[in-house]
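What follows is a short report on a single structure.
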Protein chains: 2
Amino acid sequence: MAETGATTPRERYRAQVRAEVKQRAWEQIATAGASALSLNAIAKQMGLSGPALYRYFAGRDELITELIRDAYRSLADAFRASAATGTGLAGLAHTLRAWALDDPQRYFLVYGTPVPGYHAPDDVTALAAEIMTSLLDVLADAPYADPADDPSDPSDRPSDGPSAPFAARLEGLGREWADGHPAPAAALRRALAFWTRLHGVLSLELAGHFTGMGFDPAHLFAAELTTLTGREDDGRSG
Amino acid sequence: MAETGATTPRERYRAQVRAEVKQRAWEQIATAGASALSLNAIAKQMGLSGPALYRYFAGRDELITELIRDAYRSLADAFRASAATGTGLAGLAHTLRAWALDDPQRYFLVYGTPVPGYHAPDDVTALAAEIMTSLLDVLADAPYADPADDPSDPSDRPSDGPSAPFAARLEGLGREWADGHPAPAAALRRALAFWTRLHGVLSLELAGHFTGMGFDPAHLFAAELTTLTGREDDGRSG
DNA sequence: AAGGTTAGTTAGAGGCTATCACTAAGGTTA
DNA sequence: TAACCTTAGTGATAGCCTCTAACTAACCTT
């Protein structure tokens with residue numbers, strides 16, 4: 001959202017226009033969803049005529065890709081900041097939930113229905129790795145309190161058969177997930193549980209699948225968080 | 001997909017055309033996503049000219065609504081059939097996963113990014129209740145094997161404060177979820193965990209967020225299923 | 001056989017993405 | 001300062017799309 005490394009007035013102007021286009025695109029997406037994003041409408045809003053925006057974005061796809069990039073960067077920043085506060089897994093979960101509720105359509109742009117042809121560029125996957133790094137960092141110094149609730153399968157002994165405990169299969173995978181992170185397999189398993197369980201609650205909540213069911217999704221979110229931390233976190237009060 | 005209750009030849013023909021339109025719509029959605037669905041293209045494929053389809057569907061929105069309805073019905077049927085086999089929670093989970101992998105875009109049509117304006121008609125919410133009923137039925141005679149892994153918070157005593165255990169808040173809510181189902185609060189909590197955890201894994205898997213991470217999503221799915229059943233189910237081998 | 005109902009057509013309005021050729025303005029250099 | 005090049009913005013246009021309107025042709029009923 002802020003490409004202010006420009007030097008010449010022309011580059012500055014160009015960056016400013018690009019930023020305004022993206023801002024209006026976000027507003028449009030927030031109200032009508034990503035599929036309703038219209039370059040033409042944005043141009044008119046800005047007092048420009050249709051094709052003018054093609055000087056700034058190669059097309060609709062490039063604009064959306066840029067928005068996805070910004071969304072990932074926003075989440076990565078939020079995660080890094082949250083990890084630095086030392087509030088642990090619960091803090092990270094709260095950050096994720098706040099980020100999601102702040103702009104549901106932005107959340108869906110990152111974690112929602114994918115467009116079949118689209119493949120994320122490399123820098124986006126790098127941002128995803130950065131997010132995973134923050135999560136693994138927090139997990140590194142957040143020992144698990146209640147082994148009985150461990151999301152990995154503690155009842156199984158390691159083996160190499162098709163029924164081997166899942167966590168054992170993750171050994172050393174931190175290298176590919178988080179740019180060489182030396183997390184142990186159990187932490188990787190917990191990171192996956194954090195990701196999938198909280199996403200499971202959040203995405204269904206944001207999609208409105210819980211409306212009219214008579215409970216507060218925040219409580220369900222907190223309850224699922226409890227299965228990840230094994231203790232009563234402040235997440236429970238949210 | 002089969003409205004074969006028609007009597008007159010005209011109604012029969014009409015139902016047949018509607019079915020063919022929907023079938024081609026599904027093919028189109030499977031390859032290019034729901035946002036790329038084009039009435040015009042379907043008409044041309046069928047040797048008709050554009051506006052002809054408006055005799056059969058009021059518009060694009062009605063067609064998509066109908067597809068969503070069919071998708072819900074398909075899942076509800078699959079759940080009911082699975083529940084009848086007596087294979088328990090694991091069988092239900094396997095059914096869900098097979099249904100999702102069979103047509104990912106169909107899954108996203110039901111559980112993916114919602115379009116901001118859209119509100120599901122009543123019969124669709126009734127189908128959702130039917131799905132929940134199958135789940136609660138299975139949970140009713142699938143006692144929890146390992147209390148330590150209970151997805152509700154067994155360590156907490158019931159109270160009425162803001163930090164009350166989540167399951168206690170669900171008391172009697174089966175009435176609104178599943179058309180008067182008399183499920184106890186613990187079963188409702190487990191149903192929610194089943195739903196959100198498996199959806200969490202499935203939606204991220206189908207969206208491709210696990211590609212290149214070096215593990216088989218089926219194993220993660222099986223591992224999360226284990227946290228729901230508390231024992232080693234056949235789901236592990238999938 | 002006459003009449004109404006229904007399926008299908010073409011024409012067209014209005015929206016969109018995107019390309020092209022052109023003008024006008026800005027910055028740079030001789 | 002004048003000439004030049006680069007860039008921003010324009011209108012025109014092609015080709016999609018949804019959806020409406022008016023018209024024709026087939027079908028079924030009476």
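Note that the coordinates shown come from a computational prediction; the quantities given were computed from them, not determined experimentally. By convention in this document, chain letters (A, B, ...) are assigned in the order of the sequence lines, proteins followed by strands, and residues within each chain are numbered from 1.
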Measure CZ/B:Arg14 against C1'/D:dC28 and give the value in whole Å, please. 16 Å
Does OP1 or OP2 of D:dC16 have a side-chain N or O of B:Asn40 closer than 4.0 Å? no
Under the rule of Watson-Crick or G-U wobble with both distances under 3.5 Å, where | means paired to another strand and [ ] a crossing pair, DNA chain D maps to |||||||||||||||||||||||||||.||
Between B:His199 and B:Leu96, is there a side-chain heavy-atom distance shorter than 4.5 Å? no
Heavy-atom side-chain contact between A:Tyr13 and A:Thr8 under 4.5 Å: no
Salt bridge present between B:Glu224 and A:Arg189 (N-O < 4.0 angstrom): yes
Counting only side-chain nitrogens and oxygens, does B:Thr8 get under 4.0 Å of the OP1 or OP2 atom of D:dC28? no
Residue whose nearest DNA chain C nucleotide is more 5′ - A:Lys44 or A:Pro51: A:Lys44
Among D:dA8, C:dA18, D:dC28, which is the nearest nucleotide to the side chain of B:Pro9? D:dC28
Comparing B:Asp61 with A:Leu48, nearest DNA chain D nucleotide closer to 5' gives the residue A:Leu48
5' precedence on DNA chain D between B:Arg10 and B:Ser38 (nearest-nucleotide basis): B:Ser38
For B:Leu37 and D:dC17, what is the distance between atoms CG and C1' respectively, to the nearest whole Å? 12 Å
Measure the distance from CD on A:Glu11 to P on D:dA8 and round it to the nearest whole Å. 10 Å
Using a cut-off of strictly less than 4.0 Å, decide whether A:Arg60 has a side-chain nitrogen or oxygen near OP1 or OP2 of C:dC16. no
Between A:Phe215 and B:Phe166, what is the ring plane arrangement, given parallel below 30°, perpendicular above 60°, and tilted in between? perpendicular
Lys/Arg cation over aromatic A:Tyr56: A:Arg18, 6.0 Å, 45° cone: no
Any side-chain heavy-atom pair of A:Glu130 and A:Asp179 under 4.5 Å: no
Under 4.0 Å, counting only non-hydrogen atoms across every strand here, what does B:Phe57 touch: a base, just sugar-phosphate, or nothing? nothing
Tell me yes or no: between the side chains of B:Thr31 and B:Glu27, is some donor less than 3.5 Å from an acceptor? no
